[in-house]
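See below for the structure under consideration.
Small disclaimer: the values here were computed from a predicted structure and weren't measured. Computed from heavy atoms alone, side chains included, the values below leave out hydrogens, waters and symmetry copies. The sequence lines fix the lettering, A, B, ..., with proteins before strands; numbering per chain opens at 1.
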Amino acid sequence: MSLLSTAPLILRRRGGIATALPIIGFAASTGILATVLGGLGAFASRAAASPVGDGPPTAEASNLSFLMSCAIVATVLLVPSAMSLGSAAAKLSLSRRERDLAAVRLVGGTTAQVGALAVADVLAQALIGSLIGLLAHLAVSPALTALDFGMAPFSVGELLMPLWAYPVLVIAATLLAGASAGIGLAGVAISPLGVARDSRIVRMSVVRLIVWAALIVLFIAAFQILPRIVGGIPNGIGVLIAVLAILMALVIGSVNIVGPFVVWVVARIIAAVAPGPALLVGARRLAADPRAGWRAVSGITFGLVIAGFLTLTSMFGNMDETASERALSTALHTGGLLTLGIAAVLAAVSTGVTQTARVLDQARVYRSQHVAGATVSALQRARIAEIAIPLALAAIVAGLSAAGLLAPVMSGGFAVGAVAQYIASALGALGLVALSVAVSAPLVGRVARSDA
Amino acid sequence: MTSTPLPSQPASRPASQPVGQDPAAYPGARPAAAPAYPGAQPAVAQGPVGPAPVLQARALRHSYGEKAGATLALDGVDLDIRAAESVAVMGPSGCGKTTLLHVLAGILPPTSGSVVHAGASLDSLSDAARTRLRRTSFGFVFQDGQLLPELTALENVVLPRMLGGTSRRAASAEASAWLDRLGLAGMHERRPGQLSGGQAQRVAIARALAGRPSVVFADEPTGALDQTTGHSVLQVLAEACQDAGAALVMVTHDPSVAATCERTIAMRDGRIAQQFHREGGAR
Ligand SMILES: Nc1ncnc2c1ncn2[C@@H]1O[C@H](COP(=O)(O)OP(=O)(O)OP(=O)(O)O)[C@@H](O)[C@H]1O
Ligand SMILES: [Mg+2]
């Protein structure tokens with residue numbers, strides 16, 4: 001393992017941003033997981049502590065059990081996207097290293113040694129990122145006690161996870177990162193001459209579209225049929241919410257299945273007819289790697305669908321007559337905004353990180369295009385096309401998904417405010433992407449004009 | 001643009017003398033204005049009297065880095081490139097060949113000295129204007145990493161023209177003709193990853209020439225190819241440049257490749273040490 005001892009030598013020199021990006025991703029992912037799970041724990045302990053009498057449950061207790069199901073739903077919505085940010089960070093960290101790893105192969109490292117080196121590198125970054133994320137979680141927890149859930153405010157102690165959970169979370173997040181790096185490595189052969197990626201032409205199956213549509217239909221059907229079935233069961237609304245939440249999570253998950261397919265189809269059409277160079281290059285890049293193109297906006301898409309979901313749950317809040325119902329409504333409102341806020345942070349981090357990473361990945365191409373006479377602003381326009389196409393598609397797919405989720409409620413006559421809320425979220429998403437493009441814009445110029 | 005296919009055999013070209021007797025000398029070449037002793041600096045490295053130069057470099061110096069520990073990569077280079085002539089740049093590794101090409105093409109600003117193209121000094125131009133100049137007047141064929149991997153061969157050739165404002169339809173028609181002439185008929189829709197190294201370089205040549213440049217810069221364009229493929233690509237490059245009336249400035253380590261150029265410039269330590277004209281070279 002003398003090779004591993006040389007790792008610091010080979011892997012040390014690397015730009016500041018390149019190292020920082022995956023760590024930021026890991027930190028956001030772990031910090032948000034800890035905060036979400038801690039919050040879930042807080043609701044769980046309140047629900048467990050409330051008196052379970054012999055007679056009918058008290059208003060407070062039934063509120064709590066309902067809130068508990070909502071907290072579970074919020075967790076179901078947020079955890080997958082936080083975890084996917086973690087694995088995206090791992091892939092990013094890996095791609096930053098590919099050239100270094102090829103150099104190690106050239107001086108005689110075996111594939112196994114190089115693989116070990118790569119995974120060790122990702123593990124180290126994930127560990128550092130997770131610890132930073134936990135510090136951030138500890139730092140924001142006091143502020144979260146100010147949130148009004150229509151009951152006695154949570155204490156910092158309640159919002160933190162139990163002590164044993166912290167090392168478990170750090171280890172789990174680190175191992176997850178290592179595992180995604182390992183899986184990522186499997187698709188890439190690192191030869192001494194560089195990275196040979198599978199260069200088959202990408203094809204996307206229409207099955208992706210069918211799965212997504214089928215899940216939406218299933219959800220609508222469940223929404224129509226289930227209320228009649230669960231009507232008689234005590235605590236039926238909790239069961240209803242839970243079942244619908246699972247279907248909802250599946251619809252949300254399937255948005256990431258249909259997304260790359262739609263990007264692939266549309267990008268190929270645009271590439272074939274693009275009248276200008278920016279659209280041509282942007283669309284071709286998307287057609288060549290629709291998954292990467294979609295990943296750049298998937299954080300946003302999650303956020304948009306969550307916004308759609310919250311629009312739906314706000315239907316349940318239209319009943320503030322008694323003090324208890326008012327409390328419930330306040331709790332749902334706060335919880336909804338909190339979920340949306342966390343989704344926005346996830347979306348901002350993942351979009352910012354993927355945009356910056358994409359520029360760094362394309363550095364050589366930008367440089368050679370600039371040498372051949374492409375102005376920096378032409379490069380920027382191609383990049384904007386490359387993000388605008390999936391963003392527009394994301395807004396449509398998320399909008400259609402949300403419309404599917406909302407369709408059952410629409411028939412029951414529903415608030416215009418809800419639609420306004422969704423549109424506001426969509427505009428917020430657009431703003432986030434515009435911001436991430438703007439933030440990474442100076443980098444394009446720097447990379448294009450650098451001495452290669 | 002006519003679409004007559006280029007002859008694939010070198011036979012129809014004016015015979016350039018094959019490998020010479022003295023392996024140390026640049027084959028098929030004779031010193032022009034022979035320097036009194038090696039390392040003597042010629043007054044101005046220019047060809048025999050002919051048409052006005054498209055590119056004029058005077059007293060070029062370029063150093064990388066700050067004062068302490070700076071590398072002087074160019075140390076006073078004077079060079080004229082005449083319209084449609086072909087010039088090989090040779091010399092040991094690190095002598096400044098790539099730097100010279102980059103400075104001549106306005107990619108790197110020289111530390112001092114000037115490069116004049118079509119009567120305008122490059123350093124008087126803004127960065128945007130220099131970029132435009134590279135697009136409209138220069139073509140580039142470098143060792144690798146220059147085709148966009150996601151675009152088809154045709155789109156790679158079309159792109160610079162579209163950047164210059166030509167419509168996609170018009171640019172595509174021209175680009176198809178170029179690809180056909182370079183022996184790539186039937187491969188227009190392939191991506192670079194689906195082409196051999198030699199085919200990919202021919203796409204790069206088509207791309208460099210489709211913009212009707214006045215100068216094509218090539219930096220070891222066949223460094224990544226095997227010798228046979230490399231030679232046929234260079235043959236194609238030289239002929240295509242001649243056909244298009246573009247001057248060719250090519251860095252190469254291969255003396256037999258340099259022998260196909262009308263002029264060879266030998267560099268050492270950032271200076272032009274010697275230059276040679278091909279026997280029977282174009283006047
Ligand atoms: N970006 C750079 N920063 C610092 N020094 C550089 C840089 N690029 C080149 N140099 C130095 O400038 C000198 C000339 O380099 P250049 O690349 O022009 O050589 P070359 O003749 O093209 O060599 P080769 O045949 O190996 O390609 C070398 O000493 C090199 O070390
Ligand atoms: Mg060089």
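- With contacts defined as side-chain heavy-atom distances shorter than 4.5 Å, the pair Thr375(A)/Arg132(B) does not qualify.
- How far CD of Gln369(A) is from CG of Leu148(B): 4.5 Å, rounded to the nearest 0.5 Å.
- Put simply, CZ on Arg367(A) and CD1 on Ile107(B) are 6.5 Å apart, with the number rounded to the nearest 0.5 Å.
- Annotation: side chain of Thr152(B) is in contact with side chain of Arg284(A) (closest heavy-atom distance under 4.5 Å).
- Here the closest non-hydrogen pair linking Ala288(A) and Glu150(B) is CB-CG, 3.5 Å.
- Counting all heavy atoms, side chain and backbone alike, Val371(A) lies closest to Phe142(B) at CG1-CE1, 4.0 Å.
- Between chain B and the residues Ala274(A), Ala378(A), Ala287(A), the largest count of heavy-atom pairs under 4.5 Å involves Ala274(A).
- Proximity to chain A at a heavy-atom threshold of 4.5 Å picks out Met162(B), Leu163(B), Arg168(B) from residues 160-173 of chain B, in numerical order.
- With a 4.5 Å cut-off on non-hydrogen atoms, Val376(A) does not touch chain B at all.
- With a 4.5 Å cut-off on non-hydrogen atoms, Ala278(A) does not touch chain B at all.
- Counting non-hydrogen atoms of other residues, nucleotides and ligands closer than 6.0 Å to CG of Asp269(B) gives a total of 12 or fewer.
- Residue pairs meeting the ring pair (Phe, Tyr, Trp, His ring centres under 6.0 Å) criterion with at least one partner in residues 270-289 of chain A, sequence neighbours excluded, do not occur; the list is empty.
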